[in-house]
Amino acid sequence: EIDVYPTVLKEGTVPVTKENVESTFKEFLKEHKELFEVEPENLKMVSVKKINNKWYVKYGQYYKGIRVHNATVGLDSSENGKVSSYASNYQPNIEVPTKPSVKLEKAVEIAKETYPGKDPQGLKEEDSTLIIYPEKTEGKIIHHLAWKFMLAGKQTDPEIEKYFIVDALDGKIIKSYAANPD
């Protein structure tokens, strides 16, 4: 339990509104950044909901403008902004180049080569984005600059539709998974 007001709300006398919700809680994270071990300037709002008189605020982490895969910071607060809980998988100490040396087209070709016997020409890439991908290996985390995209065929086919995460510096496939896990 946290139970602390962001200072800007002056102990709850300033209301939380749709307009100030992002800045209010970002300011709160700034005030407590040693405690939470986050850099608020690397966070951008990804969702805000008000359900049953509670605010649920979620920020995504960015590194030099590039989204960090699945790295989020979430806060819940009462209607008047008193923060009650906090969850984070923020990635500290990222140091990676941000200029891809492998083009997206090349990464797509590399991914297509993993399809045995299927006609990879019919595959097209969708939903592509450059990300920072934290890979957990042997108890530590390695950050990659990576392309994330989906390959899909002309017809919807769960056998074929897959997401790929391909290292944008050396072209290695870091991970692939079915787009529609049952």
Side-chain angles (χ1 to χ4, degrees), residues 1-100 126-150 163-168 174-182:
E1 281 290 288
I2 303 174
D3 283 336
V4 183
Y5 280 108
T7 307
V8 291
L9 298 180
K10 304 193 171 28
E11 291 302 313
T13 58
V14 175
V16 180
T17 63
K18 271 269 192 273
E19 289 69 45
N20 72 6
V21 64
E22 175 169 17
S23 59
T24 297
F25 293 112
K26 204 173 226 190
E27 202 52 49
F28 175 78
L29 290 169
K30 220 172 263 178
E31 290 164 12
H32 302 281
K33 69 182 210 177
E34 280 72 30
L35 172 67
F36 296 134
E37 299 177 340
V38 300
E39 286 298 332
E41 56 273 18
N42 295 338
L43 299 174
K44 287 184 197 167
M45 182 78 90
V46 287
S47 69
V48 58
K49 296 185 194 87
K50 192 177 177 185
I51 305 165
N52 301 336
N53 301 328
K54 277 185 75 142
W55 288 98
Y56 297 89
V57 182
K58 198 181 210 178
Y59 296 90
Q61 181 185 353
Y62 286 75
Y63 172 75
K64 299 183 179 176
I66 301 170
R67 183 84 160 89
V68 181
H69 186 67
N70 286 348
T72 56
V73 171
L75 296 171
D76 305 350
S77 86
S78 64
E79 187 170 20
N80 63 2
K82 188 186 233 188
V83 176
S84 53
S85 72
Y86 170 83
S88 166
N89 50 7
Y90 186 91
Q91 297 285 323
N93 312 322
I94 297 175
E95 276 193 38
V96 287
T98 53
K99 264 187 98 56
E126 294 174 7
D127 202 9
S128 61
T129 176
L130 192 62
I131 59 169
I132 303 293
Y133 184 77
E135 181 189 25
K136 289 185 179 67
T137 52
E138 293 149 29
K140 62 181 197 294
I141 291 179
I142 297 167
H143 297 109
H144 300 268
L145 179 69
W147 292 109
K148 178 184 175 197
F149 54 87
M150 186 174 95
Y163 273 100
F164 286 85
I165 294 174
V166 178
D167 193 301
I174 301 167
K175 188 177 175 181
S176 66
Y177 52 95
N180 305 317
D182 298 324

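Keep in mind that this is a model prediction, so the values were computed, not measured.
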Do [X] and [Y] touch side chain to side chain, with heavy atoms closer than 4.5 Å?
X    : Y   : result
V73  : F36 : no
V4   : E31 : no
Y86  : L35 : no
I132 : Q91 : no

* Asked: Between the main-chain N or O of P15 and the side-chain N or O of N20, is there a donor-acceptor pair closer than 3.5 Å?
  ->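 Answer holds: yes.
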* Asked: Mind checking what makes side chain to side chain contact (heavy atoms under 4.5 Å, CB included) contact with N80, not counting sequence neighbours?
  ->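 By the side chain to side chain contact (heavy atoms under 4.5 Å, CB included) rule, N80 matches Y5, S78, K82.
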* **Residue pairs passing the side chain to side chain donor-acceptor pair (under 3.5 Å) test where at least one lies in residues 42-61, sequence neighbours excluded** =>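 Matches after skipping sequence neighbours: N42-Y90, K50-E79.
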Roughly how far, to the nearest 0.5 Å, is the [atom2] atom of [Y] from the [atom1] atom of [X]?
X    : Y    : atom1 : atom2 : answer
D3   : S84  : CG    : OG    : 7.0 Å
L29  : E41  : CG    : CD    : 11.0 Å
L145 : T98  : CG    : OG1   : 7.0 Å
E27  : E22  : CD    : CD    : 12.0 Å
L43  : Y62  : CG    : OH    : 10.0 Å
K175 : K148 : NZ    : NZ    : 9.0 Å

Can you give me the closest heavy-atom contact between [X] and [Y], atom names plus distance?
X   : Y   : result
E95 : Y63 : CA-OH, 3.7 Å
S77 : F25 : OG-CZ, 3.4 Å
P6  : G81 : CD-O, 3.0 Å
V38 : S88 : CG1-OG, 4.3 Å

* Please list, chain by chain and in numerical order, all residues satisfying ring-ring contact (aromatic ring centres under 6.0 Å, His included) with H143, sequence neighbours excluded. =>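 So H143 forms no ring-ring contact (aromatic ring centres under 6.0 Å, His included) with any residue.
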* To do: Could I get the full list of ring-ring contact (aromatic ring centres under 6.0 Å, His included) partners for H144, not counting sequence neighbours?
  =>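 ring-ring contact (aromatic ring centres under 6.0 Å, His included) list for H144, sorted by chain: empty.
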* **With E39 via salt bridge (Lys or Arg N to Asp or Glu O under 4.0 Å) - residues at least two apart** =>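 K33.
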* To do: Under the side-chain contact (heavy atoms from CB on, under 4.5 Å) rule, what do V46 and R67 come out as? Steps first, then yes or no, please.
  => CA-CA 11 Å; V46 287; R67 183 84 160 89; 3.9 Å; yes
* Asked: When you look at V57 and F28, which way does the side-chain contact (heavy atoms from CB on, under 4.5 Å) test go after all the steps?
  -> CA-CA 12 Å; V57 182; F28 175 78; over 6 Å; no
* Going through the distances and angles, do V8 and V14 end up as a side-chain contact (heavy atoms from CB on, under 4.5 Å)? -> CA-CA 7 Å; V8 291; V14 175; over 6 Å; no
* Asked: Partners of E126 by side-chain hydrogen bond (donor to acceptor under 3.5 Å, both in side chains), sequence neighbours excluded?
  ->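 Residues passing side-chain hydrogen bond (donor to acceptor under 3.5 Å, both in side chains) with E126: K124.
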* Mind telling me whether H69 and Y133 have parallel, tilted or perpendicular rings, with 30° and 60° as the class edges? =>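 Rings of Y133 and H69: tilted, as their planes differ by 30° to 60°.
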